[in-house]
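Single-structure report; data block below.
Count residues from 1 along the sequence. Bear in mind the structure is a predicted one, so any value in this text is a computation, not a measurement.
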Amino acid sequence: MDNFGESKCEAIAEEVLQNNFQGPIDREPALDLEFDDNESAFNFYNEYAKKRIGFSVRKEYVNINKKLCYVTSQKLTCFKEGFRGDDKRKYQAKNPRKETRTGCQAHIVVTRQFVGKYHITKVELEHNHPLVLPTMIHMLPSHRNLNDIQTHEIDLAEDAGLFSKGTFDFMSLQAGGRANLGCTKLDRKNYLQTKRQKAMGQGEAAEFNDMITNIFWANSKMIIDYEIFGDVLSFDTTYQTNKEHRPLASFVGFNNHRKMIVFGGALMYDETSESFQ
């Protein structure tokens, strides 16, 4: 199969399902429960997890017919399935994250039948951990999603120079509370970061081959001042008054007259650990 066909199949496997299941959640997942397509199966299980139980859903695997490019089977699990410690990347990380999974066995396996329908062929309903309260369920990954209206509102707010907290509070008010919003501040931040990265690849920064993301500067006087008065240094990133709301970091101290002096500054692309380093 050519590269185009393989890429198409991979895109299907990695697709983020954003359509809400519209059917009634009046029954538990059970063997031979039928769906028109694999997306409907995912959305059913995700809505069951949200409205009936209180957990988040992950895809453990998705099998694809590479010749005809359709999903043959998929396993949907509780977000606490397995253990993060099983990941080899744990031993490569400098600061590994705390283990949050519990080896939960709750899952369903959905398999495509000859007639094109999808049936649940394996199911386990029991969880080995406390479930999430309804007031917090909207914070879980599979239940968070920025819809088209919300991304449009975020774009308008950014163009108008509104800060993130005001935008998020306004969106929450429109939705009738944060629990009904379906996204978090982090989702908004990630959306804007992805949007800016695409803009850098397509806009003025393209001529720099996407290499410039953070800018640091210090002139000769600043360097001399740092050598003399650099025993105490303050690093501050609270300034975000530029149009793009990018963090402006300042390195400041005091001279022998107790007056503030600047040792250097940086216009940062974001506030990730990589940018700080």
Can you find a pair of side-chain heavy atoms, one from Leu248 and one from Met268, that are under 4.5 Å apart?
-> no
dist Leu131:CG -> Met136:CE (nearest 0.5 Å) comes out at 14.5 Å
Which donor-acceptor pairs under 3.5 Å do the side chains of residues 100-107 make with protein atoms, sequence neighbours left out?
| from | atom 1 | to | atom 2 | distance (Å) |
| --- | --- | --- | --- | --- |
| Thr102 | OG1 | Asn128 | OD1 | 2.8 |
| Gln105 | NE2 | Gly103 | O | 3.3 |
| His107 | ND1 | Gln105 | O | 2.7 |

Return yes when atom OH of Tyr226 has more than 12 non-hydrogen atoms of other residues, nucleotides or ligands closer than 6.0 Å, and no otherwise.
-> no
Considering all heavy atoms, the nearest Asp36-Lys117 contact = OD1-NZ, 2.6 Å
Interatomic distance, Leu125 atom CG to Glu28 atom CD [nearest 0.5 angstrom] = 5.0 Å
Determine whether the side chains of Asn43 and Ser40 contain a donor N or O and an acceptor N or O closer than 3.5 Å.
-> no
Looking only at non-hydrogen atoms, find the nearest pair between Lys59 and Val62 and report the distance.
-> CD-CG2, 3.8 Å
Checking side chain to side chain donor-acceptor pair (under 3.5 Å) for the pair Asn65/Thr72: CA distance, chi angles, key distance, verdict?
-> CA-CA 6 Å; Asn65 182 314; Thr72 59; over 6 Å; no
Give, for atom CD1 of Ile108 and atom CD of Glu124, the distance between the pair rounded to the nearest 0.5 Å.
-> 12.5 Å
Straight-line distance of Glu34 CD to Gln113 CD, nearest 0.5 Å = 8.5 Å
Find out whether Ile224 and Lys221 are in side-chain contact, i.e. whether some heavy atom of one side chain is under 4.5 Å from a heavy atom of the other.
-> no
With a 4.5 Å limit on heavy-atom distance, are the side chains of Lys50 and Val57 in contact?
-> no
Atom CZ of Phe263 and atom CG of Leu233: how far apart are they, to the nearest 0.5 Å?
-> 6.0 Å
Should we say atom CE of Met139 is surrounded by more than 12 heavy atoms from elsewhere, each under 6.0 Å from it?
-> no
Sequence-distant partners of His152, side chain to side chain contact (heavy atoms under 4.5 Å, CB included), two or more places apart | Leu156
Indicate the atoms forming the closest heavy-atom contact of Ile137 with Val132, along with that distance.
-> N-CG1, 3.8 Å
Does the side chain of Tyr61 reach to within under 4.5 Å of the side chain of Val109, using non-hydrogen atoms?
-> yes
d(His127 NE2, Phe55 CZ) to nearest 0.5 Å is 4.0 Å
Heavy atoms only: give me the nearest Val262-Met222 pair and the separation to one decimal.
-> O-CG, 3.3 Å
Would you say Tyr70 and Val115 are hydrophobically clustered, going by side-chain heavy atoms of ILVMFWY under 4.5 Å?
-> no
Find out whether Pro141 and Arg58 are in side-chain contact, i.e. whether some heavy atom of one side chain is under 4.5 Å from a heavy atom of the other.
-> no
Report yes if some heavy atom in the side chain of Tyr48 is under 4.5 Å from a heavy atom in the side chain of Pro29; otherwise report no.
-> yes
With distance as the sole test, does Asn46 use its side chain to make a donor-acceptor pair with the main-chain N or O of Phe42 at under 3.5 Å?
-> no
So, do Phe35 and Tyr118 have ring centers that fall under 6.0 Å from each other?
-> no
Can any side-chain N or O of Ser56 pair as donor or acceptor with the backbone N or O of Ser142 at less than 3.5 Å?
-> yes
Side-chain contact test, heavy atoms from C-beta onward, threshold under 4.5 Å: evaluate it for Ile64 versus Val71 and give yes or no.
-> yes
Find out whether Val232 and Phe254 are in side-chain contact, i.e. whether some heavy atom of one side chain is under 4.5 Å from a heavy atom of the other.
-> no
Do the rings of Phe251 and Phe235 sit parallel, tilted or perpendicular, given the 30° and 60° boundaries?
-> tilted
